[in-house]
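Lettering follows sequence order; numbering is per chain, from 1.
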Amino acid sequence: MADISLTFPDGNARSYPRGVTPAEVAASISNSLAKKAISASVDGSHWDLQWPIEADANITLHTMKDDGPALELIRHDLAHIMARAVQEIWPEVRVTIGPVIENGWYYDFDREEPFTPEDLGVIEAKMKEIINRRDPVTTEIWERDRAIRYYEANNEPYKVELVEAIPGDEPVRMYWHGHWQDLCRGPHLQHTGQVPADAFKLMKVAGAYWRGDSSRQMLQRIYGVGFKNRDDLKAYLTFLEEAEKRDHRRLGREMELFHMQEEAPGMVFWHPNGWTVYTELRDYMRRAQRRGGYVEVNTPQVVDRKLWERSGHWDKYQEHMFIVEVEEEHAQEKRMNALKPMNCPCHVQIYNHGLKSYRDLPLRMAEFGSCNRYEPSGALHGLMRVRGFVQDDAHIFCEERQIESETKRFIDMLAEVYRDLGFESFRVKFSDRPETRAGSDEVWDKAERALMAATEAAGYSFELNPGEGAFYGPKLEFVLTDAIGRDWQCGTLQVDFVLPERLDATYVGEDGAKHRPVMLHRAILGSFERFLGILIENFAGRLPFWLAPRQVVVASIVSDADPFVLEAVEALKAAGIRAEADVRNEKINYKVREHSVGKVPVILAIGQREVEDRTVSMRRLGEKGSRVITLDEAVTQLAAEARAPDMP
RNA sequence: GCCGCAGUAGCUCAGUGGUAGAGCGCACCCUUGGUAAGGGUGAGGUCGGGAGUUCAAUCCUCCCCUGCGGCACCA
């Protein structure tokens, strides 16, 4: 048998017999490595210790110290162990798939009775039992027909389908955990005892469609999380609690920002506090757009279906539109309208009024456009997914050759807005042409090149989302990362060659002939509703001073201080600060606690001493101490802080 | 839309086949207290909606609505 050469991370190469396994390689190096090794990377692929290596390769051996491979193996083994536990307890349950996901895994089962939360405890106990058996994990490659016959004989129809779907040139690999067997790509650990028995937890049961297809069987999915040790598991559970505390639905109630109720699902009732933040953010965006060279417009909410037919939305999105039928006594026919789900067709109507010249372009048309979409009931989620919302929407009508400069200009504006709102960095995703699309390849070439060049010119790299563009053009998406590491896709820029065509938008070029403008659909926040939700969660309710609904509460310590408290509030209000008095018959401890819970950034306490000196005792949210300064100083200082980040 | 779970006072939640309870909040009284809950008294509920079973339903059954967790969707 010919030898192969394996190159180690330190650059040294050794020769081994063809078909050597990483386990044997480890053993050839040292006994301790042979014991500690859990898997290998062979030319970048994650490699099971049992798999033979057939050609020269770079090899890295992994131990439990290597987080990436270790966690992947642990979670993958846990998925199998869970499936095995389920079949040991309920032999009639059919198994399907169980991949590793962020922080854990899931496994989908077909079972008549849904799993209950109590079942999870039973399964967990069985899993621990299996781990403690320290069953060996072995693997082999089967003939496709044998695998199909095997699964047919064992009444595992989902597995049959999976085997059939494996491309002909890929091996059909089987894994055993003890006597329990599963179709699996691998790799895995060497025995079940290598999985930490105290660092995993089954989290929830949920329905999930077989192969993600809503027309197919609904399966029962069990989610689990798994880590290398108990502390990591605990840390993760603590993180979940943190996220729970930041939940904007909870904070929205506690801070009296908004509510929703069942008569208007997916629609927001903004309370005075919430509306203050909302309008503050909207005013900020309005200023940003003015600086950015946009004109602002406003278009109708209720629009005849004829326009939606022309724009193509009626065909595609009719089911997701709120339809308004009007019975007019004198009308010959019933008029069917739709609440606008988006603004672009209306903006083209404004564009089309009057002849446009190339001198008018680029024309940047912005609207805080109030849109309604009949979102599927299961999609609704607080402010994050609603049926009535306002976009910071704009359409840039431009010539093809302006796409690049307009894109660059937009990214610069977006970066400034995100920075002002407390997000220092963001990621860019670039989606190029999908399979089915409108427009010629030359036009797509130009548009894609322009978007990429503009992104780079603005100083950003991007991740490629191949084939994910809209049918009408390529798009950029902008993703924020919040304070606890969660991603939120907010901004977008989409090139559109189609809508100007459908709605017959034109301009007169230098050559005196009519041309088609290109439309750039773009938004920075996305929707105000959702973005406010993100802001609330990002700041855990502690909004920056300029956005805080109640910026200052002036609280009396003794009732003799009340007149000065009221005077202080007036002085703050006169300086443009959102201030309230708290002269209730309560102790200062009580008032401090209440307003701290309510996330008021500054509390000014006033007692007898302050009245005499015309001072205030300033306490900032999250700080323990307080500082006594004169009322005048406090007003000057807070007025400066209250200015929005774009104000001089 | 699909699967599962849930809906009791403003909020968080307990509870029962014989029309309901706690804490917080709210109102009033006492207290004037120095930086995260002072004390007392009191008001407050068609138990999500509808139908059914029953002598009797907040409780059991069915349908619907809404919410929550996923899945699917997201112009």
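- The residue among A/Val597 and A/Gly378 whose nearest nucleotide of RNA chain B is located toward the 5' end is A/Gly378.
- Residues A/Arg249 and A/Tyr374 both approach RNA chain B. Their nearest nucleotides, taken by heavy-atom distance, put A/Tyr374 toward the 5′ side.
- Under the Watson-Crick or G-U wobble criterion, with both distances below 3.5 Å, B/C59 is left unpaired in every strand shown.
- Within 4.0 Å of A/Pro265, counting heavy atoms only, lie sugar-phosphate atoms of the nucleic acid but no base atom.
- Evaluation of atom-type donor-acceptor distances gives no pair under 3.5 Å for the side chain of A/Arg253 against the base of B/C11.
- The side chain to side chain donor-acceptor pair (under 3.5 Å) test with A/His521 is passed by exactly one of A/Lys475, A/Gln391, A/His395: A/His395.
- Going from the P atom of B/G42 to that of B/G23 covers 12 Å, rounded to whole Å.
- Residue contacts shown for A/Tyr472 are limited to sugar-phosphate atoms, with no base heavy atom under 4.0 Å away.
- The aromatic rings of A/Tyr351 and A/Phe397 lie parallel to each other, with less than 30° between the two planes, well short of the 60° mark.
- If you check every strand for non-hydrogen atoms under 4.0 Å, A/Gln220 touches sugar and phosphate atoms only.
- In this structure, A/Lys204 reaches the sugar-phosphate backbone alone: every heavy-atom distance under 4.0 Å involves primed, P, OP1 or OP2 atoms, never a base.
- Relative to the side chain of A/Pro114, the nucleotides B/G4, B/C3, B/A75 differ in distance, and B/G4 lies closest.
- The side chain of A/Ser559 has B/U32 as its nearest neighbour among B/C3, B/U32, B/A37.
- For B/A6, the paired nucleotide is B/U66, the pair qualifying as Watson-Crick or G-U wobble because both relevant distances are below 3.5 Å.
- Contact annotation: side chain of A/Glu113 to base of B/G4, donor-acceptor pair absent below 3.5 Å.
- Among the atoms of the strands shown, none is found under 4.0 Å from any heavy atom of A/Lys591.
- The ring pair (Phe, Tyr, Trp, His ring centres under 6.0 Å) check on A/Tyr418 picks up A/Phe426, with sequence neighbours excluded.
- Using Watson-Crick or G-U wobble geometry with both donor-acceptor distances under 3.5 Å, B/U16 finds no partner in any strand shown.
- Residue A/Gly625 is classed as having no contact, given no heavy-atom separation below 4.0 Å to the nucleic acid.
- Within 4.0 Å of A/Tyr106, counting heavy atoms only, lies no atom of the nucleic acid at all.
- Pairing of B/G1, defined by two Watson-Crick or G-U wobble distances under 3.5 Å, is identified with B/C71.
- In this structure, of B/G33, B/G38, B/A75, it is B/G33 that holds the atom nearest to the side chain of A/Ile557.
- Among the atoms of the strands shown, none is found under 4.0 Å from any heavy atom of A/Arg250.
- Looking at heavy-atom distances under 4.0 Å, A/Glu256 makes no contact with the nucleic acid at all.
- Base pairing of B/U35 is not made with any nucleotide, judged by Watson-Crick or G-U wobble geometry with both donor-acceptor distances under 3.5 Å.
- Set against B/G70, B/A36, B/A75, the side chain of A/Arg619 has B/A36 as its closest nucleotide.
- Checked against B/G33, B/G70, B/A75, the side chain of A/His313 finds its nearest nucleotide in B/A75.
- Base-pair partner of B/C26: B/G42 (Watson-Crick or G-U wobble, both distances under 3.5 Å).
- Looking at the side chain of A/Arg385, the nearest of the listed nucleotides B/G33, B/C74, B/C68 is B/C74.
- Within 4.0 Å (heavy atoms only), A/Ala208 reaches sugar-phosphate atoms of the nucleic acid but no base atom.
- If you check every strand for non-hydrogen atoms under 4.0 Å, A/His320 touches a base.
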